[in-house]
Each structure stands twice: as C-alpha cells, then as structure tokens.
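To start, I am sharing the structure in question, which I have written as structure tokens.
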Amino acid sequence: ISNTNKIMCRNTPASQSIAATAETTSTTRKNRSNITRKELKSHNTPSNAWCAVHNKVLDISTFAKRHPGGDVILLAAGMDATVLFETYHPRGVPGAVVDKLCIGTMDSAEEFQSFYSWDSEFYPVLKKRVVQKLEEVGADLRGGSGSILFKAMCLLFGFWYALFRMYTASAFAEASAWSVTMGIFASFIGTCIQHDGNHGAFSKRKWVNKLAGWTLDMIGASGFTWEIQHMLGHHPYTNVLDCHEDAQKQKGVDSPLHEKDQESDPDVFSSFPLMRMHPTHAPSWFHKYQHLYAPLLFSLMTVAKVFQQDFEVAMSKRLYHIDAHCRYGSVLNLLRFWLMKLVSLGYMVAIPCYFHGVWRGIALFMIGHFSCGEMLATMFIVNHVIEGVSFGQKNSAGLQVPTTVEGSTPMEQTRAEAMKKRKGLAEVPLNDWAAVQCQTSVNWSPGSWFWNHFSGGLSHQIEHHLFPSICHTNYVHLHEVVKQTCEEYGVPYQSEPNLYTAYGKMMSHLKFLGREKAL
C-alpha cells in the first residue's frame with residue numbers, strides 16, 4: 001500500500017479481533033500477482049466480495065460480518081476501493097488487517113490508473129488534526145454528540161403527523177398544504193437521517209445506522225440505489241468525468257462493465273436531463289434557457305428516482321458505469337427493495353386515494369414529491385455546480401487537473417499565495433484527492449450551528465466530502481480546522497455567506513454553462 005497510508009489506529013482489543021477475523025479470511029489462498037480487472041469485478045456480490053486498495057486485492061467476503069462499520073464495506077465489492085478505504089477511516093486501518101485480508105495484487109498491466117494522487121501529506125495531516133479536534137470537544141466521529149438522534153425523532157414525527165393530517169383533511173386545499181409539509185419533512189429525513197445512516201455516520205452501532213439508512217425506503221426511494229450513486233459515484237469522484245466513456249455513450253456504444261472506468265461522477269450527467277452541468281458536454285440550443293427551467297426540473301428529481309432510476313438499477317443491477325451487484329446481488333436486499341416499494345406506495349398513494357379519491361390522491365402524492373424534490377435539489381446542487389467551482393476530466397490524453405468553466409485553476413493561485421507566507425511549503429499535487437474535493441465543493445453559511453442542522457451538514461460540503469463517515473453534527477467543530485489547514489497548504493476553500501447567495505451564483509453558473517462552448 002502507498003506510503004501515504006500511515007497507520008494511525010490504536011492496537012485495541014477490537015482491532016485485534018478484526019485482525020483475527022481477517023487472518024481466517026486469507027489463509028485459504030496464496031497471494032497472487034496477476035489478478036485482472038475482469039477477475040476482480042467478477043467478485044462483486046455480498047457473498048463473494050473482493051476489492052482493490054492501492055492495487056492490493058483484499059477478500060472482504062467473510063470479514064464484512066465483523067467489520068466495525070457494518071456491511072457498508074460490501075459496497076467496495078468488485079472495484080477499486082482506494083478512495084473508500086482512505087476516506088472512511090480518519091484514524092487509519094491497522095496494517096495487520098490489510099495484510100491478512102490481502103490475497104494478491106493487480107496484474108502490472110492492469111493496475112488502476114487513477115485521476116488522483118495520494119502522495120502528499122495534506123490529507124494525512126488533515127485527518128490527524130480533525131481526529132484531535134473531535135477528541136478535544138468530546139464528540140464521537142460517528143453519532144456526534146447525540147443531538148442527531150433527538151433531531152431524527154422530531155423529523156420522523158413531523159413526517160408521519162403531516163401524512164396523517166393529509167389523510168384526514170376535509171378540504172383538498174388543506175390536504176395539499178399538509179402534503180407540502182410532508183414533502184419538506186421527507187427532504188429533511190433524506191438529508192439529516194438517511195444520509196448519515198447510509199454513510200455509517202449516524203451512530204456507532206451498526207444496526208442503528210442500518211435503520212437510519214432504511215428511512216429513505218420509508219419515504220419511497222431505495223437506500224441501495226442511493227448508496228450506489230452517491231457513495232460509489234458522486235463522493236469519490238466529485239465533478240470528474242470520464243471523457244472516453246462519455247464519448248462512447250454519445251456514439252451509442254455500451255462497453256462491458258469490466259471495461260468501464262469507475263472514476264466518473266454520475267451526478268454531473270444523470271441527475272437532471274436537459275441540463276448541461278459539466279463544461280465538457282456540448283451545449284444544445286435549449287441549454288441557454290436552463291437557468292429558467294432548472295427549478296421545475298429540480299422539483300421532479302425525487303419522482304424520477306422513485307419511479308425510474310430505482311427500478312432500472314434493481315432490475316439491471318447497474319447504474320450507468322457502476323456495477324450494482326454489491327447490493328442487488330442479494331436476494332434479501334431485493335426482497336427489501338420490492339417490499340418497501342409496495343408498502344410505501346400503499347401509505348403514500350393508496351390511502352390518500354381512499355380518503356380523497358383517485359385523482360386527488362395522486363395529485364397529493366405528486367405535490368409532496370414536488371416540494372421534497374425542490375428542497376433536496378436546492379441544497380445539493382449549490383455545493384458543486386456554482387461559480388468558482390472546478391471540474392475534472394479523465395481521458396486518454398493524460399490526467400488533467402481540475403479547472404473552472406473558464407479554464408482557470410484556482411489552486412495555482414492559492415498555492416502561490418501560500419508560498420509567499422510559508423517557506424518550504426510541502427508539495428500538494430493539483431490532483432491530490434483531498435485537494436480536488438476542496439476544488440470541486442463549496443460551503444455556504446460556514447460555522448453556523450443552525451444551518452448545519454437545517455441542511456444535515458450540506459452547508460459544510462467540503463468537510464462532508466473530506467470526511468463522509470463523520471456525523472454531520474460535528475462539522476461546526478471541524479470547519480475552522482479544515483479551513484486553516486487548507487490555507488496553510490495553499491488549497492482552495494470556497495464558501496458563500498448564505499444559501500441565498502449560493503443559489504444566485506448557482507443560477508448564474510447554469511446560465512453561463514448554457515451559453516458557453518464545450519471545453
């Protein structure tokens with residue numbers, strides 16, 4: 001494993017138990033040095049799971065049952081899990097665990113060529129400082145200070161109460177108002193409960209995280225599909241686009257999954273049709289109006305996911321270029337998917353139709369989705385598609401550094417300014433993974449306790465992308481640590497004073513993208 005993967009974990013009884021479990025996993029196989037990508041990707045189910053970390057291949061099939069973070073580790077099945085390994089363990093991983101899970105290495109001709117560099121000290125230093133800060137304030141990495149549990153109970157009560165009042169309202173106008181309220185609470189469940197739960201950050205207890213993640217199924221969407229798009233696509237490869245695969249798609253060519261490059265962010269080409277969200281995409285005539293029709297498309301986001309994307313992924317077991325067998329390769333997971341779809345449609349569509357009639361019942365369901373979709377899209381999109389943010393391109397011409405839509409590289413300027421203040425500044429490559437997260441993400445209302453809780457930590461998007469396994473209630477403690485470390489190393493740290501300003505700059509950015517030629 002790379003020298004940047006320093007071991008920072010205490011040798012506790014728990015870690016010794018993990019190591020013992022790992023040892024039994026790997027003793028049955030001899031280490032190999034010729035594992036191909038196709039072979040790796042064939043071990044992609046919950047019962048037969050391999051993954052690669054810095055081109056070392058690990059067998060995590062049986063270890064997943066004892067993994068401290070729960071079965072979230074199975075998301076790595078059949079893929080290069082280097083980013084997941086580095087980002088979900090702020091304290092590091094005992095070297096003994098990695099060695100005993102290791103069954104070989106990737107064939108030298110098929111090693112993963114990443115867009116990212118892991119060779120600088122920036123991220124290891126940042127992780128160490130973040131862990132120290134949380135120890136100082138007495139907050140757990142997962143679960144935070146416990147306030148997230150109280151907030152979750154309030155939000156769940158609000159959702160079910162609004163749904164009940166929607167059932168029993170005597171007038172359609174009153175029922176519509178409660179449907180809007182239900183949709184708003186559903187959006188908060190998405191950002192404040194399931195988001196942390198599926199990231200393994202809601203609690204230190206695995207079953208509590210699983211239950212929190214399940215609340216997405218409760219409001220009608222699939223937690224499994226969300227994990228695949230958000231945790232395997234968007235988070236590791238924020239605003240990065242695989243230009244070769246994108247060009248193939250434009251030609252109508254669908255390569256086999258084992259030939260596809262996983263380093264591509266599905267959010268910049270899939271979440272909103274008719275939108276141009278990445279500067280390499282060719283603009284169409286209607287894109288010049290996208291800043292005008294964007295809010296309407298935002299409101300349709302959850303409807304599209306619930307009725308289209310979820311079913312497509314569950315049945316095809318893939319999401320664009322991402323293999324979905326890691327979740328939908330399990331019969332039990334498929335049973336949960338279909339059962340929750342049936343049950344949630346029952347209490348969100350069938351019962352309203354019973355009380356208010358078919359057409360009004362369907363209308364109430366759509367009204368709730370429109371309010372939920374608008375809320376979610378508003379808080380998500382301003383973090384990555386906004387003035388000043390950078391985008392990455394991965395193509396055969398070489399590894400390109402993140403640039404803005406104007407073609408500039410803000411980190412070159414911030415590095416130059418930092419070098420003037422600090423002699424012997426440590427080198428941080430422009431494509432350093434953590435530095436890229438800072439270049440492709442934007443905060444709003446940073447340091448605000450209220451807006452951090454309101455948004456489920458989305459207002460501290462930089463902190464969340466750097467530390468997805470840390471509970472969002474902790475981000476207010478980490479804000480200054482991350483900002484100061486970025487300034488020290490000359491890494492961009494963009495933030496807007498409030499959501500209103502961020503939204504305005506996002507709309508201006510969409511207008512610019514709609515009229516500019518492709519990079």
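Numbering of residues begins at 1 and proceeds along the displayed sequence.
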Worksheet item: Quick one: side chain to side chain donor-acceptor pair (under 3.5 Å) partners of E387, sequence neighbours excluded?
Response: none

Worksheet item: Who passes salt bridge (Lys or Arg N to Asp or Glu O under 4.0 Å) against K204, sequence neighbours left out?
Response: D140

Practice prompt. Dump the intermediate steps for side-chain contact (heavy atoms from CB on, under 4.5 Å) on F115 and W433, then the final yes or no.
Written response: CA-CA 8 Å; F115 177 87; W433 182 85; over 6 Å; no

Worksheet, complete the sentence: Value for CD1 (I193) from CG (L149), rounded to nearest 0.5 Å, stands at 9.5 Å

Worksheet item: Is there side-chain contact between T404 and S390, with at least one heavy-atom pair below 4.5 Å?
Response: yes

Worksheet item: Are more than 12 heavy atoms from other residues, nucleotides or ligands located less than 6.0 Å from atom OH of Y289?
Response: no

Worksheet entry | Atom pair NZ/CG of K151 and L156 - distance to nearest 0.5 Å | 12.0 Å

Item to complete: Looking only at non-hydrogen atoms, find the nearest pair between A52 and L40 and report the distance.
Response: CB-CD2, 3.9 Å

Practice prompt. Report yes if the side chains of S187 and T191 come closer than 4.5 Å at any heavy-atom pair, otherwise no.
Written response: no

Worksheet item: Under 6.0 Å between the ring centres of H234 and H384?
Response: yes

Can you give each donor-acceptor pair under 3.5 Å made by side-chain atoms of residues 362-379, sequence neighbours left out, with the distance rounded to 0.1 Å?
| unit_1 | atom_1 | unit_2 | atom_2 | d |
| --- | --- | --- | --- | --- |
| H369 | ND1 | T302 | OG1 | 2.8 |
| S371 | OG | V180 | O | 3.3 |
| S371 | OG | I367 | O | 3.4 |
| S371 | OG | G368 | O | 2.9 |
| E374 | OE1 | S299 | N | 3.3 |
| T378 | OG1 | E374 | O | 2.7 |

Discussion item. Which residues pass the salt bridge (Lys or Arg N to Asp or Glu O under 4.0 Å) test with K341, not counting sequence neighbours?
Written reply: D310

Response to the item:
K317 meets the salt bridge (Lys or Arg N to Asp or Glu O under 4.0 Å) criterion, sequence neighbours left out, with none

Discussion item. Using the side chain to side chain donor-acceptor pair (under 3.5 Å) criterion, which residues pair with Y328? Sequence neighbours excluded.
Written reply: S222, T225

Fill in: V57 versus T105, closest heavy-atom pair with distance
CG2-C, 4.1 Å

Discussion item. Please check: side-chain N/O of N34 versus main-chain N/O of D107, any donor-acceptor pairing under 3.5 Å?
Written reply: no

Worksheet item: Which heavy atom in P266 sits nearest to a heavy atom in I322, and how many Å separate them?
Response: CG-CD1, 4.3 Å

Discussion item. Could you walk me through whether W444 and Q461 satisfy the side-chain contact (heavy atoms from CB on, under 4.5 Å) test, starting with their C-alpha distance in whole Å, then the side-chain angles of each, then the deciding distance to 0.1 Å, before giving a yes or no?
Written reply: CA-CA 8 Å; W444 49 272; Q461 190 71 188; over 6 Å; no

Item to complete: State which residues pass side chain to side chain contact (heavy atoms under 4.5 Å, CB included) with L430; sequence neighbours excluded, sorted by chain then number.
Response: V401, T409, M411, E412

Worksheet entry | Short side-chain to backbone donor-acceptor contact, N55 and F112, under 3.5 Å | yes

Worksheet, complete the sentence: d(I35 CD1, E110 CD) to nearest 0.5 Å is 11.0 Å

Worksheet item: Donor-acceptor pair, S61 side chain versus A49 backbone, under 3.5 Å?
Response: yes

Item to complete: Identify, with sequence neighbours excluded, every residue that meets side chain to side chain donor-acceptor pair (under 3.5 Å) alongside R318.
Response: D254

Worksheet item: Counting only N and O atoms by type, is there a donor-acceptor contact under 3.5 Å from the side chain of D196 to the main-chain atoms of H472?
Response: yes

Worksheet item: Side chains of Q229 and D267: closer than 4.5 Å at any heavy-atom pair?
Response: yes

Discussion item. Just so I know, are the side chains of P429 and D432 near enough to count as touching, which here means a heavy-atom distance under 4.5 Å?
Written reply: yes

Worksheet item: Can you say whether the rings of F286 and Y293 are parallel (under 30°), tilted (30 to 60°) or perpendicular (over 60°)?
Response: tilted

Practice prompt. Compare all side-chain heavy atoms of P46 with those of D71 and state whether any distance is below 4.5 angstrom.
Written response: no

Worksheet entry | Counterpart residues, side chain to side chain contact (heavy atoms under 4.5 Å, CB included), relative to L75 (two or more places apart) | V72, E227, M231, L232, C326, R327

Fill in: Shortest non-hydrogen contact between A175 and H356, atoms and distance
CB-CE1, 3.8 Å

Worksheet entry | Shortest non-hydrogen contact between A76 and I60, atoms and distance | CB-CD1, 4.4 Å

Worksheet item: Between T82 and S114, is any pair of side-chain heavy atoms under 4.5 Å apart?
Response: no

Worksheet item: Does the side chain of Q194 reach to within under 4.5 Å of the side chain of M218, using non-hydrogen atoms?
Response: no

Item to complete: List for me each residue that meets salt bridge (Lys or Arg N to Asp or Glu O under 4.0 Å) alongside R336, sequence neighbours excluded, and say none if there are none.
Response: D217

Practice prompt. May I ask you to decide if the ring planes of H230 and H464 are parallel, tilted or perpendicular, using 30° and 60° as cut-offs?
Written response: parallel

Discussion item. Classify the ring geometry of H89 against H67: parallel below 30°, tilted from 30° to 60°, perpendicular beyond 60°.
Written reply: perpendicular

Practice prompt. Applying side-chain contact (heavy atoms from CB on, under 4.5 Å), run through V83 and W118 and close with a yes or a no.
Written response: CA-CA 10 Å; V83 176; W118 297 94; 3.8 Å; yes

Discussion item. Check this for me: does any side-chain nitrogen of one of D99 and K56 sit under 4.0 Å from a carboxylate oxygen of the other?
Written reply: yes

Item to complete: Write down the atom of I73, the atom of A64, and the distance for their closest heavy-atom approach.
Response: CG2-CB, 3.7 Å

Worksheet item: Which residues satisfy the side chain to side chain donor-acceptor pair (under 3.5 Å) test with D261, sequence neighbours excluded?
Response: K394

Practice prompt. Would you please name every residue forming a side chain to side chain contact (heavy atoms under 4.5 Å, CB included) with E312, sequence neighbours left out?
Written response: Q308

Item to complete: Please round to the nearest 0.5 Å and tell me the distance separating atom CE of M106 and atom CD of E111.
Response: 8.0 Å

Fill in: K127 and E86 ion-paired at < 4.0 Å
yes

Discussion item. Are the side chains of Y167 and W178 in contact, using a 4.5 Å heavy-atom criterion?
Written reply: no

Discussion item. Under a 3.5 Å threshold, yes or no: a donor from one side chain and an acceptor from the other, between Y116 and E263?
Written reply: no

Discussion item. Nearest 0.5 angstrom please: H291 NE2 to M506 CE, how far?
Written reply: 12.0 Å

Worksheet entry | Backbone N/O of P468 and side chain of H235: donor-acceptor pair under 3.5 Å | no

Worksheet entry | Donor-acceptor contact below 3.5 Å, side chain H43 vs main chain D59 | no

Discussion item. Determine whether a donor-acceptor pair (N or O, by modelled atom type, separation under 3.5 Å) exists between the side chain of N44 and the backbone of H325.
Written reply: no

Worksheet item: Sub-3.5 Å donor-acceptor pair from the side chain of H278 to the main-chain atoms of G392, do we have one?
Response: yes

Practice prompt. Can you label the angle between the F467 ring and the Y123 ring as parallel, tilted or perpendicular, going by 30° and 60°?
Written response: tilted

Practice prompt. Supply the atom-to-atom distance F185 CZ to T181 OG1, rounded to the nearest 0.5 angstrom.
Written response: 7.5 Å

Worksheet item: Are the side chain of N239 and the backbone of D265 linked by a donor-acceptor contact shorter than 3.5 Å?
Response: no

Worksheet item: Can any side-chain N or O of H195 pair as donor or acceptor with the backbone N or O of C192 at less than 3.5 Å?
Response: no

Worksheet item: Is the shortest side-chain N to carboxylate O distance from K260 to D242 below 4.0 Å?
Response: no

